[in-house]
**Student:** 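Quick one: this structure, given as structure tokens, is what I'll be asking you about.
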Amino acid sequence: MTNITLIMGDITEQSVDAVVNAANSSLLGGGGVDGAIHRKGGPEILAECRVLRAAQYGGGLPAGQAVATTAGRLPARWVIHTVGPVWSDTEDRSDTLASCYRESLRVADELGARTVAFPAISTGVYRWPLADAARIALSTVLAAHPETVAEGRFVLFGQDAYDVFADTLRALSAP
Ligand code: ADP
């Protein structure tokens with residue numbers, strides 16, 4: 001099991017091996033975490049994303065999958081782009097959200113990353129209710145058995161998100 005840490009802050013400021021991006025399937029940038037990563041990381045990240053689009057991801061990166069690029073000027077070595085599912089009132093897309101965390105950890109392991117920073121995937125523009133997203137995110141990372149990743153750091157943007165993740169982690173860790 002990975003050691004999980006929670007912090008309140010900005011994911012672009014994390015000195016970790018890999019930062020996970022809540023990307024959209026175009027891989028060509030967007031708002032929220034995605035916008036912040038490309039703004040701070042500089043054009044090198046977008047250049048690698050364009051190469052991925054021209055090669056194996058011509059149709060875009062499907063939701064639930066993950067792929068790595070350089071982290072450009074961020075204080076990290078890699079950005080792992082993953083596409084969360086958009087929240088749906090009528091369809092259960094929980095498996096896709098869990099897959100984002102599993103696949104990001106798998107890619108991080110392939111890279112040999114020891115520390116990985118995650119945002120609360122799908123809880124922004126994609127409207128996933130925070131408490132449910134926290135339960136899926138934390139239980140998936142708790143259940144994973146990566147080889148090289150020793151720390152999964154959730155970087156929560158604001159007190160509300162931090163509190164929800166902290167309460168959920170306590171509940172999941174209770175004997
Ligand atoms: P999605 O499209 O997957 O919903 P968003 O980037 O819109 O992704 O939002 C995901 C979560 O990340 C939201 O809870 C949002 O408040 C938070 N967030 C936005 N900017 C940052 C940032 N710079 N660092 C960490 N979290 C952020």
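All residue numbers in this chain count up from 1 along the given sequence. This is a predicted model, so every value here is computed, not measured. Counting convention: from 1, in listed order, for ligands and their atoms alike. Hydrogens, waters and symmetry mates play no part in the numbers below; they use all other heavy atoms, side chains included.
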**Student:** Among all protein heavy atoms in this structure, tell me which lies nearest to atom 8 (O) of ligand 1, with the distance rounded to 0.1 Å.
**Tutor:**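 So the nearest neighbour among protein heavy atoms is A22 CB, 3.6 Å.
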**Student:** Indicate yes or no: at least one non-hydrogen side-chain atom of V86 is less than 4.5 angstrom from one of R93.
**Tutor:**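 A side-chain contact under 4.5 Å exists here.
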**Student:** Is there any N or O on V125 that sits under 3.5 Å from an N or O of ligand 1?
**Tutor:**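 Between V125 and ligand 1, an N or O pair is found under 3.5 Å apart.
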**Student:** Give the residue and atom name of whichever protein heavy atom lies nearest to atom 24 (N) of ligand 1, and the separation in Å to one decimal.
**Tutor:**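 Sorting protein heavy atoms by distance from atom 24 (N) of ligand 1 puts I11 N, 2.9 Å first.
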**Student:** Checking R135 now: which residues fulfil side chain to side chain contact (heavy atoms under 4.5 Å, CB included) with it, not counting sequence neighbours?
**Tutor:**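 Residues passing side chain to side chain contact (heavy atoms under 4.5 Å, CB included) with R135: D132, T168.
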**Student:** Could you check N24 against Y126 for side chain to side chain contact (heavy atoms under 4.5 Å, CB included), going step by step and ending with a plain yes or no?
**Tutor:** CA-CA 10 Å; N24 62 53; Y126 287 175; 3.3 Å; yes
**Student:** Identify the closest protein heavy atom to atom 23 (N) of ligand 1: which residue and atom is it, and at what distance?
**Tutor:**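 Answer, as residue, atom name and distance: D10 OD1, 3.0 Å.
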**Student:** Work out which heavy atom in S139 is nearest to a heavy atom in L172; give both atom names and the distance.
**Tutor:**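 Looking at all heavy atoms of both residues, the closest pair is N-CD1, 3.7 Å.
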**Student:** At what distance is the nearest protein heavy atom to atom 17 (C) of ligand 1, and which residue and atom is it?
**Tutor:**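 Scanning the protein heavy atoms, the shortest distance from atom 17 (C) of ligand 1 goes to F157 CB, 3.8 Å.
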**Student:** Please indicate whether any nitrogen or oxygen in G32 is less than 3.5 Å from any nitrogen or oxygen in ligand 1.
**Tutor:**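 Not met; the criterion fails.
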**Student:** Counting heavy atoms only, which of T123, L130, T12 comes nearest to atom 14 (O) of ligand 1?
**Tutor:**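 It is T123 that holds the nearest heavy atom.
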**Student:** Which label fits F165 and F154: parallel for a plane angle under 30°, tilted from 30 to 60°, or perpendicular past 60°?
**Tutor:**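 It falls in the tilted class, 30° to 60°.
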**Student:** So is there a nitrogen or oxygen of R127 less than 3.5 Å from a nitrogen or oxygen in ligand 1?
**Tutor:**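 N/O-N/O distance below 3.5 Å does not exist for this pair.
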**Student:** Does a side chain donor of either T5 or E151 reach within less than 3.5 Å of an acceptor in the other side chain?
**Tutor:**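 Side chains of T5 and E151: pair found under 3.5 Å.
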**Student:** Going by an N to O cut-off under 4.0 Å, is there a salt bridge joining D167 and R170?
**Tutor:**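 Yes, this pair counts.
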**Student:** Write out the residue and atom name of the closest protein heavy atom to atom 3 (O) of ligand 1, then the distance separating them to 0.1 Å.
**Tutor:**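 Nearest protein contact, heavy atoms only, for atom 3 (O) of ligand 1 is S122 N, 2.8 Å.
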**Student:** Of the protein's non-hydrogen atoms, which lies at the shortest distance from atom 10 (C) of ligand 1, and what is that distance?
**Tutor:**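 Residue, atom and distance for the closest contact: A120 O, 3.3 Å.
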**Student:** Would you say E147 has more than 12 foreign heavy atoms packed within less than 6.0 Å of its CD?
**Tutor:**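 No, the 6.0 Å shell around CD holds no more than 12 heavy atoms from other groups.
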**Student:** Tell me which one of V164, V155, V33 gets a heavy atom nearest to atom 18 (N) of ligand 1.
**Tutor:**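 That would be V33.
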**Student:** Give the residue, atom name and distance (to 0.1 Å) of the protein heavy atom nearest atom 4 (O) of ligand 1.
**Tutor:**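 Of every protein heavy atom, G124 N, 2.8 Å lies nearest to atom 4 (O) of ligand 1.
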